[in-house]
J.: 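Below is one structure. I have some questions about it.
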Amino acid sequence: SDVLLKIRQCKRSGGTHIDFSNLKLTSFPTELFELTTLESIDLSNNTLSTLEKIAVFQNLWELILSNNKISVLPEGIKELSNLETLRLDG
């Protein structure tokens, strides 16, 4: 799948940004939790309603969740001390 391919490529290259926009995701890809050094995640334009275990991404400074179905932020979001940009529009 596109998701697993992107995760493998990011892991192989040591990337710090991953773009999962427009992939029709309904849940957070669990394989993503292996990439704990990510600094930027784009999950815009999907149909996510929750974010599990978001606190594992301690280096995260940008989280883009625009145009999803998230109505409540998870408690773990408070633990992301480096987070500068959180987009929830749409």
J.: With rounding to the nearest 0.5 Å, note down the distance linking CG in L5 to SG in C10.
T.: 11.5 Å
J.: Kindly compute the distance separating CD1 (I54) from CG (L63), expressed to the nearest 0.5 Å.
T.: 5.0 Å
J.: So, for T37 and N59, which heavy atoms are closest and what is the spacing to 0.1 Å?
T.: CA-ND2, 3.5 Å
J.: As an exercise, state the distance from CZ of F33 to CZ of F57, rounded to the nearest 0.5 Å.
T.: 5.5 Å
J.: I need the minimum non-hydrogen distance between N68 and L48, along with the two atoms involved.
T.: OD1-N, 2.9 Å
J.: Mind checking whether K11 and L35 have side chains closer than 4.5 Å, heavy atoms only?
T.: yes
J.: I'd like to know if the side chain of N46 and the backbone of F20 have a donor-acceptor N/O pair within less than 3.5 Å.
T.: yes
J.: Have E62 and T85 got a donor and an acceptor in their side chains that come within less than 3.5 Å?
T.: no
J.: If you measure from CG on L38 to CG on L32, what distance do you get to the nearest 0.5 Å?
T.: 6.0 Å
J.: Looking at side-chain heavy atoms only, is the closest gap between N82 and E84 below 4.5 Å?
T.: no
J.: Does the side chain of N45 pick up a donor-acceptor pair with the side chain of S21 at under 3.5 Å?
T.: no
J.: So, for P29 and I7, which heavy atoms are closest and what is the spacing to 0.1 Å?
T.: CB-CD1, 4.5 Å
J.: Say you draw a straight line from OG of S66 to CG of L43; how long is it, rounded to the nearest 0.5 Å?
T.: 10.5 Å
J.: Tell me whether S49 contacts the main-chain N or O of I70 through its side chain, where contact means a donor paired with an acceptor under 3.5 Å.
T.: no
J.: Could you report the tightest heavy-atom contact between G76 and A55, atom names first, then the distance?
T.: O-CB, 3.8 Å
J.: In the structure I gave you, are the side-chain heavy atoms of Q58 and E79 within less than 4.5 Å of one another anywhere?
T.: yes
J.: Quick check: do K24 and T47 have side-chain heavy atoms less than 4.5 Å from each other?
T.: no
J.: State whether the side chain of K6 and the backbone N or O of D19 hold a donor-acceptor pair below 3.5 Å, judged by distance alone.
T.: yes
J.: Going through the checks in order, is the side chain to side chain contact (heavy atoms under 4.5 Å, CB included) test met by I64 and I41?
T.: CA-CA 6 Å; I64 302 172; I41 302 173; over 6 Å; no
J.: How long is the gap from CH2 on W61 to OG1 on T16, to the nearest 0.5 Å?
T.: 8.5 Å
